[in-house]
> 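Quick one: the structure is below, questions incoming.
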Amino acid sequence: MDSRTPRAVPDGDTLKQLQTARSILQQSRRTAVFSGAGLSAESGIPTFRDPDPQSLWARFDPMKLASIEGFNANPQRVMDWYDWRRTQLAEVAPNAGHIALAEHRELLHVTQNVDNLLERAGVAPHRIHHLHGEISRNRCVAECGFEQEIALENPPGLVPCPQCGRQVRPCVVWFGEALPQTVWQAAEKLCRRVDCLLVVGTSASVYPAAGLIGLARECGSRIIEINPAAGEADPAADVELRGGSAQILPPLLHGLQLQG
Ligand code: OAD
């Protein structure tokens with residue numbers, strides 16, 4: 001799907017919820033976006049936990065493919081899987097949701113997504129906190145300091161680190177690993193200060209990232225959730241907009257003057 005895809009006409013309830021959400025956004029002096037895999041779903045990138053046979057953790061074992069134990073057991077298998085995801089990402093485009101967000105240049109983003117679709121939609125990289133890393137980068141498994149941007153359409157595969165000779169690995173956070181500390185601290189600081197957090201396309205089930213929604217709420221932020229399905233973010237939400245983010249974000253954000 002892209003920005004030219006025709007949109008479904010929202011029903012009466014959805015329109016009312018949209019109006020409520022727009023009025024919260026209009027009053028907010030500082031708005032940020034917290035996103036997950038659902039934001040990229042309508043670009044053709046599978047989510048992790050949707051009740052859909054194509055979702056990643058329905059098809060693959062996360063401990064084999066997204067843990068240091070899995071990498072140590074079979075680095076080639078892990079790198080092949082990430083390279084498959086990289087070439088898939090190279091072939092898709094930002095959807096209408098990414099584009100609607102990018103049109104509001106002042107917004108700050110905290111994302112669990114390792115893809116670069118927000119950047120490709122036009123969001124400045126320094127305005128995005130990638131909590132779970134970036135699939136378009138490799139780094140040394142031994143943390144010698146080597147890190148490199150790679151070509152998504154032609155990833156280098158499993159290669160030795162040019163600095164220390166160990167292997168390189170994708171620059172993403174695996175199960176059991178800590179989040180990058182500077183990114184985490186910046187995201188936490190932001191979520192303490194926002195008046196409105198737009199929570200888009202996440203099951204809110206992976207911590208510590210998901211805890212940022214509750215943190216923002218405790219610090220007084222309003223929460224607007226966009227998700228076609230009910231989930232764990234619901235209790236924190238002031239408004240739940242049920243639908244795909246490529247359908248909901250354009251009418252939600254159109255014409256608003258947002259402050260980040
Ligand atoms: P999940 O797969 O857990 O959740 C995706 C969410 O997106 C679900 O709540 C869906 O209902 C929703 N969704 C599906 N289609 C949508 C659409 N078109 N528009 C909006 N929402 C839609 O993905 P995350 O919450 O991002 O970790 O998962 C969190 C982390 O778990 C990921 O960052 C990943 C994974 O293990 C790492 O890669 C380290």
Side-chain angles (χ1 to χ4, degrees), residues 1-3 5 7-8 10 14 21 33-68 70-71 78 81-82 85-86 89 92 94-101 109-118 128-137 169-180 183-184 187 198-213 224-237 240-252:
M1 178 169 298
D2 63 23
S3 56
T5 304
R7 294 183 191 118
T14 311
V33 183
F34 178 78
S35 56
L39 174 62
S40 301
E42 288 162 273
S43 290
I45 299 290
T47 65
F48 295 92
R49 299 178 182 77
D50 270 70
D52 168 348
Q54 290 310 309
S55 64
L56 293 175
W57 297 154
R59 294 178 65 194
F60 305 104
D61 179 350
M63 295 325 284
K64 286 193 175 144
L65 297 167
S67 75
I68 191 66
F71 184 80
V78 172
W81 189 67
Y82 279 93
R85 289 179 60 198
R86 286 164 162 166
L89 177 58
V92 305
N95 65 51
H98 298 106
I99 291 164
L101 290 170
H109 293 262
V110 177
T111 187
Q112 299 163 93
N113 294 347
V114 298
D115 68 47
N116 59 2
L117 292 172
L118 280 169
I128 310 174
H129 302 300
H130 278 280
L131 290 176
H132 291 163
E134 295 172 76
I135 201 171
S136 57
R137 303 185 71 79
R169 56 164 279 185
C171 210
V172 300
V173 176
W174 283 334
F175 288 100
E177 294 183 327
L179 271 50
V183 175
W184 173 251
L198 204 48
V199 176
V200 184
T202 177
S203 61
S205 60
V206 175
Y207 285 78
L212 292 173
I213 303 168
I224 298 170
E225 187 199 9
I226 300 178
N227 199 311
E232 295 185 28
D234 298 5
E240 292 160 22
L241 298 171
R242 290 278 169 250
S245 46
Q247 308 294 316
I248 303 264
L249 280 167
L252 175 65

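When a ligand or atom number is given, it counts from 1 through the structure's own listing order. Atoms considered below: every heavy atom in the structure, side chains included; atoms not considered: hydrogens, waters and symmetry mates.
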> What verdict does the side chain to side chain contact (heavy atoms under 4.5 Å, CB included) test give for Glu134 and Asn116, after you've listed the backbone C-alpha separation in whole Å, the side-chain angles of each residue and the deciding distance to 0.1 Å?
CA-CA 7 Å; Glu134 295 172 76; Asn116 59 2; over 6 Å; no
> What are the two closest heavy atoms between Ala96 and Pro250, and how far apart are they?
O-CG, 3.8 Å
> Indicate yes or no: does Glu177 engage Arg169 in a salt bridge with an N to O separation below 4.0 Å.
yes
> With no hydrogens and no angle check, do the side chains of Thr111 and Ser35 hold a donor and an acceptor under 3.5 Å apart?
yes
> Among Phe175, Trp174, Trp57, Phe48, which one has a heavy atom closest to atom 2 (O) of ligand 1?
Phe48
> Tell me which protein heavy atom sits closest to atom 19 (N) of ligand 1, plus the residue, atom name and distance to 0.1 Å.
Ser245 N, 2.9 Å
> Checking a contact table here: which protein heavy atom is nearest atom 12 (C) of ligand 1, and how many Å away?
Asn227 OD1, 3.4 Å
> Tell me which protein heavy atom sits closest to atom 37 (C) of ligand 1, plus the residue, atom name and distance to 0.1 Å.
His132 ND1, 3.7 Å
> Provide, to 0.1 Å, the distance between atom 23 (O) of ligand 1 and the closest protein heavy atom, together with that atom's residue and name.
Ala37 CB, 3.5 Å
> To the nearest 0.1 Å, how far is atom 39 (C) of ligand 1 from its closest protein heavy atom, and which atom is that?
Val173 O, 2.9 Å
> Out of Leu131, Asp50, Asp52, who is nearest to atom 10 (C) of ligand 1 when you count heavy atoms only?
Asp50
> Tell me whether Ser205 has any N or O atom under 3.5 angstrom from an N or O of ligand 1.
no
> Looking only at protein heavy atoms, which one is nearest to atom 25 (O) of ligand 1, and how far off is it?
Thr202 OG1, 2.7 Å
> For residues His130 and Asn113, report the shortest heavy-atom separation together with the two atoms involved.
ND1-O, 2.8 Å
> Any N or O of Val206 that comes nearer than 3.5 Å to an N or O of ligand 1?
no
> Heavy atoms only: which of Arg49, Gln112, Glu225 lies closest to atom 31 (O) of ligand 1?
Arg49
> Would His132 and Val206 satisfy side chain to side chain contact (heavy atoms under 4.5 Å, CB included), going step by step from the backbone distance to the final call?
CA-CA 11 Å; His132 291 163; Val206 175; 4.2 Å; yes
> Which heavy atom of Ser67 sits nearest a heavy atom of Met63, and at what distance?
OG-O, 2.6 Å
> What atoms of ligand 1 come closer than 4.0 angstrom to any heavy atom of Gly36?
26 (O)
> Can you spot which of Phe175, Phe60, Trp57 makes a ring-ring contact (aromatic ring centres under 6.0 Å, His included) with Phe48?
Trp57
> If you compare all heavy atoms of Ser55 against all heavy atoms of Asp50, which two are closest, and at what distance to 0.1 Å?
OG-O, 2.9 Å
> Going by the atom numbers of ligand 1, which of them fall below 4.0 Å from some non-hydrogen atom of Ala229?
11 (O)
> Between ligand 1 and Val172, can you find any atom pair, the residue atom being a heavy atom, that is separated by under 4.0 Å?
no
> For atom 17 (C) of ligand 1, find the nearest protein heavy atom and state the residue, atom name and distance (0.1 Å precision).
Gly38 O, 3.3 Å
> Measure across Pro170 and Trp174 and return the closest heavy-atom pair with its distance rounded to 0.1 Å.
CD-CZ2, 3.9 Å
> Quick check on side chain to side chain contact (heavy atoms under 4.5 Å, CB included): which of Val33, Leu198, Val200 does Ile224 satisfy it with?
Leu198
> Taking the minimum heavy-atom distance to atom 1 (P) of ligand 1, which of Ser203, Gly244, Ala66 ranks first?
Ser203
> Taking a cutoff of less than 4.0 Å between a non-hydrogen atom of the residue and any ligand atom, is Pro228 in contact with ligand 1?
yes
> Where is the nearest protein heavy atom to atom 18 (N) of ligand 1: which residue, which atom, and how far?
Glu42 OE1, 2.7 Å
> Less than 3.5 Å apart, any donor N or O on the side chain of Asp115 or Ser40 sitting next to an acceptor on the other?
yes
> Below 3.5 Å, N or O to N or O, backbone or side chain included: is there any such pair between Gly201 and ligand 1?
yes
